[in-house]
Amino acid sequence: MNVYDSARIAELLGGQGYQTVDDPVEADLVILNTCHIRDKAAEKVYSELGRLERIRRDRGRSGAKQFLIAVAGCVAQAEGVELVERAPFVDVVVGPQSYHRLPQMLADSFQSHAARVDTEFPAESKFDHLPDIHAPPGAAGAFLTVQEGCDRFCSFCVVPYTRGAEYSRPVAAVLAEARGYAKDGACEITLLGQNVNAYHGDGDDGTPWGLARLIEAVAAIDGIARVRYTTSHPADMDDALIRAHGEVAAMMPYLHLPVQAGSDAILAAMNRRHTADVYRRIVERLRCARADLALSSDFIVGFPGETDADFRATLRLVEEVGFAQAYSFKYSPRPGTPAAALPQVPEEVKRERLAQLQDLLDRQQRAFNVAFLGRTVPVLFDRPGNRPGQLLGRTPYMQVVHASADATLMGAIKAVEIDGVGPKSLAGRLSRQAAA
Ligand code: 5AD
Ligand code: SF4
């Protein structure tokens, strides 16, 4: 979602005469769009700010033009004025719901030295105050935020505090944006939301639409060949959405469905509001709807109170379900969240459990990828490769594929025969067979 927000900020400031540059040394303004989900991400902001302050100091010595530093995103939201106290050289602090106000804040900041801080949850939706966005030229796919915020309050998570209450964009706005991307040449759309399957945007008839209906409408747009959505909460997987996996041809057979843990006691303490068996049943129903569906997930190890037996329940769930890919983290206590106040699991226990879980997940991912050797799969080419004459693309399962392909195939879906499996990607050659 930060990638999407950054693109919208760039588009907004483009209208003010700004252009993006590749190196902060050449910039008049640097915006750090930040993440607060775990301590490591939040701390990175301060090391990055230190680097920017040095650039500014050098700039001052050379008498070159002004260099503004802005912090956007969830660290800005969570820390607000504290951020300016810790890094007094920051000019602008703007939360994720108010970045449409950046042009005014920047103009004010160029005038005076006092830092501007805006971490309000404004009554107006930023989406109503942002210019239309375009897919970058040649982009094969586009992200599209349809939902923001979260009302679920998992006990470890800062999102309900930093992104605020659940908000769904109206159907008409989402479809207009999707049509725009299709016109720009994008053939894959990823619908985004912190809790995207809780989507309930107003339709033109005034009734709320669920995510399944929205997906059907996006998939029906001319030129859209692939639709994905992320991130979902298991308890919001309704029947219509599960059915859509089998019925909407453009829906990719791959779903990121975080489970976090396999022990019911830990799931309850996390306030996830479902058991491990409920998750298993949802997976079964999804696979009934779409037999070739593969799953990805998020896991947290070392949540307060997690015993060895609880952790083994997570390993068991992973073994039973089988994941094509996953993200796993040591629990990181976040300020203001209920779980941060509980007695903590020692660091070395977390480290050991994470290593063990990642070892299992890595083996599953490798087995999943190796099974593609010799298969021909549709690949959407979306980036130039490192070597000339090479393109990178994605399979329906999000695996990265390297292939020798002409640059004119950027943005096209072509059949590729997989002939190599690396640790992070597949290799293949264009098949003579037509793209599936
Ligand atoms: N500690 C560790 N991981 C976390 N996540 C969210 N909050 C925390 C935390 N406090 C993970 C969850 C979530 C993903 C986006 O980040 O697994 O699904
Ligand atoms: Fe955070 Fe997701 Fe839970 Fe919402 S559902 S509180 S975003 S982990």
Side-chain angles (χ1 to χ4, degrees), residues 1-4 34-44 73-75 77-78 96-97 145-168 190-200 211 229-238 241 255-263 266-274 276 278-279 282 295-306 310-311 314 317-318 323 325-347 349-351 353-354 357-358 361:
M1 191 171 280
N2 272 6
V3 172
Y4 175 84
T34 60
C35 176
H36 201 241
I37 198 85
R38 284 172 294 278
D39 189 53
K40 214 160 141 189
E43 279 308 311
K44 218 156 73 180
C74 290
V75 175
Q77 184 62 43
Q97 307 310 337
T145 293
V146 301
Q147 184 278 338
E148 274 196 74
C150 186
D151 295 343
R152 288 212 158 261
F153 290 90
C154 300
S155 61
F156 52 82
C157 183
V158 287
V159 167
Y161 311 95
T162 55
R163 288 268 175 176
E166 284 178 7
Y167 166 77
S168 297
T190 304
L191 304 176
L192 301 180
Q194 267 91 32
N195 188 13
V196 72
N197 56 343
Y199 177 83
H200 55 275
L211 186 65
Y229 62 95
T230 196
T231 292
S232 297
H233 191 288
D236 287 307
M237 289 303 297
D238 62 21
L241 187 56
L255 178 64
H256 182 65
L257 191 60
V259 62
Q260 315 295 357
S263 141
I266 294 300
L267 287 169
M270 286 177 164
N271 193 31
R272 293 290 287 178
R273 289 184 270 181
H274 66 81
V278 165
Y279 185 86
I282 294 168
L295 286 150
S296 139
S297 199
D298 290 341
F299 296 91
I300 295 176
V301 300
F303 184 84
E306 187 186 66
D310 291 322
F311 176 62
T314 299
L317 180 122
V318 171
F323 292 94
Q325 203 267 141
Y327 301 96
S328 45
F329 314 101
K330 288 186 278 191
Y331 169 70
S332 164
R334 306 307 291 130
T337 57
L342 300 172
Q344 301 294 313
V345 169
E347 185 58 28
V349 176
K350 288 189 198 173
R351 201 180 321 122
R353 287 181 187 164
L354 185 67
L357 175 62
Q358 289 186 338
L361 290 166

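We number each residue from 1, following the sequence as shown. Just so you know, ligand 1 is whichever comes first in the structure, and atom 1 is the first atom listed for that ligand. Please read these numbers as outputs of a predicted model, since none were measured by experiment.
- Contact residues of ligand 1 (protein heavy atom closer than 4.0 angstrom to a ligand atom; sorted by chain and number): I37, R38, F156, Q260, D298, I300, F329, K330, Y331, S332, R334.
- Screening H36, Q77, E148 for a side chain to side chain donor-acceptor pair (under 3.5 Å) involving R163 leaves a single residue, E148.
- Residue Q344 comes nearest to A339 through the heavy atom pair NE2-O, 3.3 Å, listed as atom of the first residue, atom of the second, then distance.
- The two residues A198 and S168 make their nearest non-hydrogen contact at O-OG, 4.3 Å.
- A donor-acceptor pair is defined here as one N or O able to donate and one able to accept, closer than 3.5 Å; no such pair exists between the side chain of S232 and the backbone of L257.
- Centroid-to-centroid, the aromatic rings of F303 and F311 stay 6.0 Å apart or farther.
- Pairs engaging residues 338-347 under the salt bridge (Lys or Arg N to Asp or Glu O under 4.0 Å) rule: K330-E347 [sequence neighbours left out].
- The salt bridge (Lys or Arg N to Asp or Glu O under 4.0 Å) analysis of residues 149-158, with sequence neighbours excluded, yields the pairs R152-D236.
- Between C154 and R273 the shortest side-chain heavy-atom distance does not fall below 4.5 Å.
- Summarising the local packing, CZ of F153 is surrounded by more than 12 heavy atoms from other residues, nucleotides or ligands at distances under 6.0 Å.
- The count of protein N, O or S atoms under 2.8 Å from atom 3 (Fe) of ligand 2 stands at 1, with waters excluded from the count.
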